[in-house]
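In the text below, chain A, chain B and the rest are named by the order of the sequence lines, each starting its count at 1.
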Protein chains: 2
Amino acid sequence: MAKERLTSFDIAYLAGVSQPTVSRALRGSASVSEQTRKRILAIAKQHNYTVDRHASSLRTQRSNTLALLFFEDPTDDDTMINPFFLAMLGSITRAAADRGHDLLISFQSQDSDWHAAYRDSRRADGIILLGYGDYTEYAPKLARLEAQDTPFVLWGLPPGHEAVGTAIGSDNVQGGHVATRHLLERGRRRIAFLGSVSAGCPEFQARFDGHAAALAEHDLGIEPALMADARSIEEDGRVAMRAILSRGVAFDAVFAVSDLIALGAIHTLQEAGLRVPEDVAVVGFDDIPSAALGSPPLTTVAQDVRTAGTALVEALLARIAGQKVESRLLPTRLVVRKSSG
Amino acid sequence: MAKERLTSFDIAYLAGVSQPTVSRALRGSASVSEQTRKRILAIAKQHNYTVDRHASSLRTQRSNTLALLFFEDPTDDDTMINPFFLAMLGSITRAAADRGHDLLISFQSQDSDWHAAYRDSRRADGIILLGYGDYTEYAPKLARLEAQDTPFVLWGLPPGHEAVGTAIGSDNVQGGHVATRHLLERGRRRIAFLGSVSAGCPEFQARFDGHAAALAEHDLGIEPALMADARSIEEDGRVAMRAILSRGVAFDAVFAVSDLIALGAIHTLQEAGLRVPEDVAVVGFDDIPSAALGSPPLTTVAQDVRTAGTALVEALLARIAGQKVESRLLPTRLVVRKSSG
DNA sequence: CTGAAAGCGCTTACAG
DNA sequence: CTGAAAGCGCTTACAG
């Protein structure tokens, strides 16, 4: 029921040592005798004493806190967050906690001046960036962060990423390749591609490159009539699927650049009276929770969320420590469910 | 490319005033002339100066940070987070940001001594608690937090919540009532109930109470053969549904205490050759993203995530400010989709 | 191995 | 309306 918070001076008094000795003992300094250290730790524990993080941070100039910034396409519904990023959150949080760091989270709109706020106010030692709306608008801000010497890591590996600092991302080319090869192995030959292939969406572009490469291996080319733009939500998938259906071209499979888009496509196909997978096989990307729960369950390319969280946090801590950190590609994994036959 | 971080002394020098005046100007103190304030703000902005949060917090003893603690049933997969809580996260983050507070997030296991850590280390001014595994084990910890005078708010309103401090929760009795009434209005009379009705799950218990009340209004009673235990994940829903099917009792509807459980039930029903909603109508609870994306889309009781986030943050800030805050029930809303016919 | 001293960058009485 | 001074609770050279 202690109303007064104890300080290291109080603990020092109780232990019969000086305050600096308490500080050293708590931080595990080698220059405190084992016996003294144990006594101090016991007393601290008994009185629920914990170092004041602000005093400590002020003195050391390190906050032991990482900031996780989500960027979202602006939507009306604040609560609509890309489910894939949400999965990453759990993984990142644990990775940070395991390494003794707190995690501050924030949702940012594209236009805010986030590039300054976290670092300048010392709330966080570094920044993890997730999602970026349109990459072409985003890139200049990354360059500024880099110029400012703010430690950050980016999720998703755009082409030319060397110029934008350290990035960790899935091997999207490989992922796209695996998805389309799987459909080809199942005997499908006319594979529609749903997703935005543009500089604004470098990750989707990479998935498309993998898709095209897999087709080429079977001497198949890209047919513009089998492609439709889609960027993020389920509705985008519906719109894209309807566009292709309206063209009257034949197709027996769909590769969508995200699960949300794939789910939209499946719903549109089913409403049009087509059976999935009998008439049209569908493969998505991400392996969000809804993928396994749909009817039929969705075959998809899973990103390795667990490894991603750890890799992001470790890369960021290394950068904070002043090390050079190479960008890194993480392998993806095909998860076969019923939607692909 | 300023490598040296500026302090309020630097800004003071540049503005030709004393350092305290800079501090006052930045905090909008009334005792700084309008002209001086504008000049100081301009200079601060120009030099990207931001107040050092640690120095400020050390001095004021306020961190302007809230901690969001998730409690999860222990699972192997760290990334499996209840999708409903994830939706709350977005809402809480924005509510905190709107009120000038950062949000620290952390996943806790049931047994950690979280009740001390955040407050004692001054990292956060208060705590928002989400999820609690088994409530009977959890309640004593809440009592301890309360005794320690740590400001906190709890999501979910257990019976007797007055004793555990401030809680904000959905009106689960009303929600359960609305769900079952809806099924009754659609002409269903034999309604299975999937969910754990026990002291460990007070929210599910409340949903059951609403369910029972709705039945009673139609002169229907509870049939134990139509009830089965289920706690959280989709697989729990499958197991519960199979249990009821195996009993060979007739039923034409299912009310599940969560969407995840409802989705598991639907899958099991469909695998057993039953049609949803023709043979069995299904209603869930939460309105997670997967609910709308399934086949058929799930009728469910939506919790008001937006209001919940705001209410939690405001209640917590009021408690931090030393005010008494009443616990509060939020209304739920039935979202009718295809699964209920 | 331990202690006395300085200082991290603010905010806020206090005095004018 | 503004400034000089004290102090929040630590950590870390420095000296012994």
Keeping the roles fixed (side chain from [X], backbone from [Y]), state whether a donor-acceptor pair exists under 3.5 Å.
X: S56(B); Y: D52(B); answer: no
X: S91(B); Y: V305(B); answer: yes
X: H54(A); Y: R122(B); answer: yes
X: T166(A); Y: V325(A); answer: yes
X: S63(A); Y: R123(A); answer: yes
X: D98(A); Y: A95(A); answer: no

Might you point out which heavy atoms bring S106(B) and T93(A) nearest each other, and give the distance in Å?
-> CA-CG2, 4.1 Å
Taking every non-hydrogen atom, the tightest pair across Y49(A) and T7(A) = CE1-C, 3.6 Å
Taking any atom under 4.0 angstrom from a heavy atom of chain A, which nucleotides of DNA chain C are the first and last to qualify, 5' to 3'?
-> dC1(C) to dG9(C)
Just wondering, are more than 12 heavy atoms of other shown residues or ligands nearer than 6.0 Å to CD in Q323(A)?
-> yes
Other residues, nucleotides, ligands: >12 heavy atoms within 6.0 Å of Q35(A) CD = no
Where along residues 55-62 of chain A does a heavy atom come under 4.0 Å from DNA chain C, residue by residue in number order?
-> L58(A), R59(A), Q61(A)
With P as the reference atom in both, quote the distance from dG9(C) to dA13(C) in angstrom, rounded to an integer.
-> 23 Å
Mind checking the C1' distance from dT12(C) to dG16(C)? Whole angstroms is fine.
-> 16 Å
Under 4.0 Å from any atom of DNA chain D, heavy atoms only: list the residues of residues 22-31 of chain A that qualify, in numerical order.
-> S23(A), R24(A), R27(A)
Dot-bracket notation for DNA chain C is requested: 5' to 3', Watson-Crick or G-U wobble pairs only, both distances under 3.5 Å, with ( ), [ ], | and . as defined.
-> |||.||||||||.|||
Please tell me which of S18(B) and V51(A) maps to the more 5' nucleotide of DNA chain D, matching each residue to the nucleotide holding its nearest heavy atom.
-> S18(B)
Please identify each residue that fulfils salt bridge (Lys or Arg N to Asp or Glu O under 4.0 Å) with R24(B), with sequence neighbours left out.
-> none
Excluding sequence neighbours, so at least two apart, what forms salt bridge (Lys or Arg N to Asp or Glu O under 4.0 Å) with R37(A)?
-> E34(A)
Residue from R99(A), R319(A), R62(A) passing salt bridge (charged side-chain N to carboxylate O under 4.0 Å, His left out) with D125(A) = R62(A)
